[in-house]
Amino acid sequence: MNIKNKSNNCSVDEDNPGGCYSLSYSKGKITILDNISWQDLLKNSLTTAEQIAEKTGLDVKEIKEVIKEYPARINEYYFSLIKQKNDPIWLQCMPNKKELQDSICYVDPLNEENQSPVSGVITHRYPDRVLFLVCNQCAMYCRFCTRKRKVGDSFKRITWEQIMDGLQYIRDHSEIRDVILSGGDPLLLPTSTLEKILKELRSIKHIEIIRIGTRVPCTLPQRIDAELCNMLKKYHPIYINTHFNHPSEITSASSLACQMLVDTGIPVGNQTVLLKGVNDNPQVMKELMQGLLKIRVKPYYIYQADMTKGTDHFRTRISKGLEVIKNLRGFTSGLAVPHYVIDAPGGGGKIPILPNYVQSIKGNKVIIKNYKDNLYEYIEPA
Ligand SMILES: *Cc1c(COP(=O)(O)O)cnc(C)c1O
Ligand code: SF4
């Protein structure tokens, strides 16, 4: 660890960096971060240019310029996973002046604001389900975030009035059977506020399933506590999709968080974003997907990085994503293979991208290719 971190005097167990959440972060003494409330972990986050510069040796002025545009929050748990400058954890959380570069990317690449019948909270793109943004705060502000335009911005906080308007929209639209709570991160709401929303949703007859999109199990696993789990299980069927991007995010703490959720009866899936320098490597991705299965998390999506303004330096070519999928399918458990999708710019929704397994279709003869590139013939019925 060649990061300037005066208080980091614990010995990091390389195989289990999560063990390092027991390091003292602010006082130079070993304390158990586990015993600090998640609220305190959040409160002690690095958010100002001065704090970040002090911990990292980065240039204050440069950070200031970046976070004026896109806020930073690096909580002490996530920070403790950094092993060295520019490693996959660092790249995800540390402000970088590349975020201010001009590019061909868009402020709102998925056109969410225009497909929003209730401004700022509901995106209704598909016939039977809606995205419901209930909180614009996160446990850590990912530098590659698609909603960079609004997360963490105190002027864009979501009010209870807006949430009520969103609930009313869902009540008024009986075609909606699936609600995806997102943000920001819904699990940054106080448990009691989240419960109010879930209770309202459950009182709507046509709502079949409720999903929660949250990065908390990965970035602030201490937030997953017994109180939260006991509350959530009253509102089943609840599904959670979390967001791990690198094997080194799978720690004792994040494993425990995921397993607590699964033990609560919540199926937990994972969405990964393909990111240059973080996970644009078939071996790393395979390790990540297999690692998730070990903590009972099912890989759901790998996203091609959106064309989001301020994140151009994270984008990879499509061929990289295809290579990742090609290296998974057949070579490891089918359970470890997520859908590789591009969320179409402009709001077209998620479009699956697959390696070319169908070689040709001529008459009733279909030539298909297996994972080892061997060809097989399938004859269709007349
Ligand atoms: C991703 C997304 C969904 C959910 O898509 P699934 O493929 O059902 O997981 C719904 N609405 C919006 C706007 C989305 O971006
Ligand atoms: S947790 Fe999700 S919404 Fe929040 S900054 Fe990261 S990617 Fe964006």
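Numbering of ligands and ligand atoms starts at 1, following listing order. Computed from a predicted model, the values in this text were never measured in an experiment.
Residues Thr251 and Ser254 bring a donor and an acceptor atom of their side chains to less than 3.5 Å of each other. Under 3.5 Å, the side chains of Gln92 and Arg143 contain no donor-acceptor pair of N or O atoms. Residues Thr316 and Asp280 have side chains that never bring a donor and an acceptor to within less than 3.5 angstrom of each other. The closest side-chain donor-acceptor pair between His243 and Asn245 falls under 3.5 angstrom. Between the side chains of Ser255 and Arg296, no donor-acceptor pair of N or O atoms lies under 3.5 Å. With 3.5 Å as the limit, one finds a donor-acceptor pair spanning the side chains of Tyr303 and Gln271. When only modelled atom types and interatomic distance are considered, Asn270 and Thr272 share a side-chain donor-acceptor pair under 3.5 Å. With 3.5 Å as the limit, one finds a donor-acceptor pair spanning the side chains of Ser182 and Arg147.
Expressed to the nearest 0.5 Å, how far CZ of Arg149 lies from CD of Glu113 amounts to 4.0 Å.
Asp153 has no carboxylate O lying under 4.0 Å from a charged side-chain N of Lys148, or vice versa, which leaves the two without a salt bridge.
Under 4.0 Å from any atom of ligand 1, one finds heavy atoms of residues Thr123, Arg125, Tyr126, Arg129, Leu131, Ile180, Arg211, Tyr300, Tyr301, Lys350.
The nearest heavy-atom contact from the protein to atom 2 (Fe) of ligand 2 is His243 ND1, 4.5 Å.
Atoms of the protein (N, O or S only) found under 2.8 Å from atom 4 (Fe) of ligand 2 are Cys138 SG.
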